[in-house]
Amino acid sequence: MSPPQPKILRVDNDCLFCRIVAGEIPATVVHETDTTLAFRDIDPKAPVHVLVIPKAHHTDVVALATADPAGSADLLAAAAAVAEAEGLLTHGFRLLFNTGGYAGQEVFHVHAHVLGGQPLGPMLVPR
Ligand code: AMP
């Protein structure tokens with residue numbers, strides 16, 4: 001029987017979040033699985049602001065959903081686990097994927113923002 005093959009991760013060496021996964025850039029990690037990593041946002045917009053990412057590089061949630069449905073499910077499960085661990089299930093929280101230019105996406109490695117710990121106000125600034 002052949003030995004188990006190591007899982008080859010998709011990596012973009014110029015990607016900030018790939019470098020966090022690789023341990024090259026420090027982050028405050030709050031949750032980790034084989035396929036996901038969750039760490040505190042460096043510039044929090046709420047008392048709890050955690051980013052949940054797949055360890056593999058996908059530019060945004062559309063690319064992840066297309067290339068890796070199982071990885072998408074892992075990401076949602078990790079986000080739910082983070083929300084529970086951070087005590088957000090009682091009062092609720094927001095799960096947000098900025099995707100592309102109109103949404104103001106800054107880091108092109110898909111990440112779910114888990115936001116909570118206080119009332120979060122309207123989803124968008126009223127026009
Ligand atoms: P987005 O605008 O959805 O692409 O969000 C990118 C998020 O990454 C922002 O909320 C930033 O504050 C956050 N961020 C940028 N660099 C780091 C870092 N080194 N560690 C943790 N969060 C970061």
Side-chain angles (χ1 to χ4, degrees):
M1 200 165 79
S2 57
Q5 297 299 308
K7 213 172 172 187
I8 311 254
L9 273 187
R10 294 163 58 109
V11 174
D12 178 339
N13 291 325
D14 295 328
C15 169
L16 173 64
F17 288 176
C18 284
R19 296 187 65 198
I20 287 177
V21 171
E24 295 169 9
I25 293 176
T28 305
V29 172
V30 297
H31 188 265
E32 182 170 11
T33 67
D34 285 352
T35 58
T36 68
L37 190 70
F39 50 92
R40 298 205 186 279
D41 196 290
I42 204 168
D43 181 19
K45 313 300 187 298
V48 176
H49 188 175
V50 173
L51 303 177
V52 187
I53 67 171
K55 289 181 175 175
H57 183 82
H58 299 277
T59 53
D60 61 27
V61 71
V62 176
L64 174 65
T66 304
D68 188 359
S72 309
D74 288 352
L75 189 66
L76 278 187
V82 166
E84 181 168 20
E86 296 287 326
L88 302 182
L89 298 190
T90 305
H91 296 293
F93 65 98
R94 188 166 286 155
L95 185 62
L96 180 72
F97 291 91
N98 287 323
T99 306
Y102 276 13
Q105 185 178 358
E106 292 174 354
V107 178
F108 285 84
H109 181 130
V110 57
H111 48 282
H113 295 259
V114 177
L115 294 152
Q118 67 178 30
L120 296 169
M123 194 165 63
L124 298 174
V125 177
R127 290 204 273 177

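When reading the values below, keep in mind they use all heavy atoms of this one structure, side chains included, and skip hydrogens, waters and symmetry mates. Atoms within a ligand are numbered from 1 in the order they appear, just like the ligands themselves.
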Review point. Under a 4.5 Å cut-off applied to non-hydrogen side-chain atoms, are Leu64 and Phe97 in contact?
Key: no
Review point. Is it the case that more than 12 heavy atoms not belonging to Glu32 sit under 6.0 Å from its CD atom?
Key: yes
Point to revise | Contact partition for Phe17 relative to ligand 1, non-hydrogen atoms under 4.0 Å | key: side chain
**Study point:** His111 and His113 aromatic centres sub-6.0 Å
**Key:** yes
Review point. Which atoms of ligand 1 have any heavy atom of Phe39 under 4.0 Å away?
Key: 21 (C)
Exercise for review: Would you kindly specify which portion of Leu16 sits under 4.0 Å from ligand 1, judged on non-hydrogen atoms: side chain, backbone, both or neither?
Suggested key: side chain
Study note, to complete from the structure: Only one of Thr36, Thr33, Thr35 passes side chain to side chain donor-acceptor pair (under 3.5 Å) with Asp74, and that residue is Thr35
**Study point:** Ligand-residue contact atoms, ligand 1 with Gly104, heavy atoms, under 4.0 Å
**Key:** 2 (O)
Review point. Hey, does Leu95 have a side-chain heavy atom less than 4.5 Å from the side chain of Leu76?
Key: yes
Exercise for review: Give the atoms of ligand 1, by number and element, whose distance to some non-hydrogen atom of Asp43 is under 4.0 Å.
Suggested key: 12 (O)
Check your understanding: Against heavy atoms of Asn98, which atoms of ligand 1 measure under 4.0 Å?
Key -> 1 (P), 2 (O), 3 (O)
Check your understanding: With side chains defined as the heavy atoms from C-beta onward, is the minimum distance between Leu16 and His109 less than 4.5 Å?
Key -> no
Practice item. Run the numbers for me: atoms of ligand 1, each under 4.0 Å from some heavy atom of Arg40, listed by number. Key: 21 (C)
Point to revise | Ligand-side contact atoms (ligand 1) for residue partner Leu51, heavy atom cut-off under 4.0 Å | key: 8 (O), 13 (C), 22 (N)
**Study point:** Heavy atom of the protein closest to atom 7 (C) of ligand 1 (residue, atom name, distance)
**Key:** Asp41 OD2, 3.5 Å
**Study point:** For atom 4 (O) of ligand 1, the protein heavy atom that lies nearest, with its residue and separation
**Key:** Glu106 N, 2.7 Å
Review point. Hey, does Phe108 have a side-chain heavy atom less than 4.5 Å from the side chain of Asp12?
Key: no
Practice item. Report the part of Lys45 in contact with ligand 1, treating N, CA, C, O as backbone and CB onward as side chain, heavy atoms under 4.0 Å; options are side chain, backbone, both, neither. Key: side chain
Check your understanding: Going by heavy atoms in the side chains, are Phe39 and Ile20 under 4.5 Å from each other?
Key -> yes
Practice item. Could you check atom 5 (O) of ligand 1 against the protein and tell me its nearest heavy-atom contact, residue, atom and distance included? Key: His111 NE2, 3.1 Å
Review point. Of the non-hydrogen atoms in Gln105 and Asp60, which two are nearest, and what is the gap between them?
Key: OE1-CB, 3.9 Å
**Study point:** Backbone or side-chain N or O of Ile42 under 3.5 Å from ligand 1 N or O
**Key:** yes
Review point. Does Gln105 reach ligand 1 with a nitrogen or oxygen that is under 3.5 Å from one of the ligand's nitrogen or oxygen atoms?
Key: no
Review point. Is there side-chain contact between His57 and Val11, with at least one heavy-atom pair below 4.5 Å?
Key: no
Exercise for review: Compute the shortest N/O to N/O distance between His49 and ligand 1 and return yes if it is under 3.5 Å, no if not.
Suggested key: no
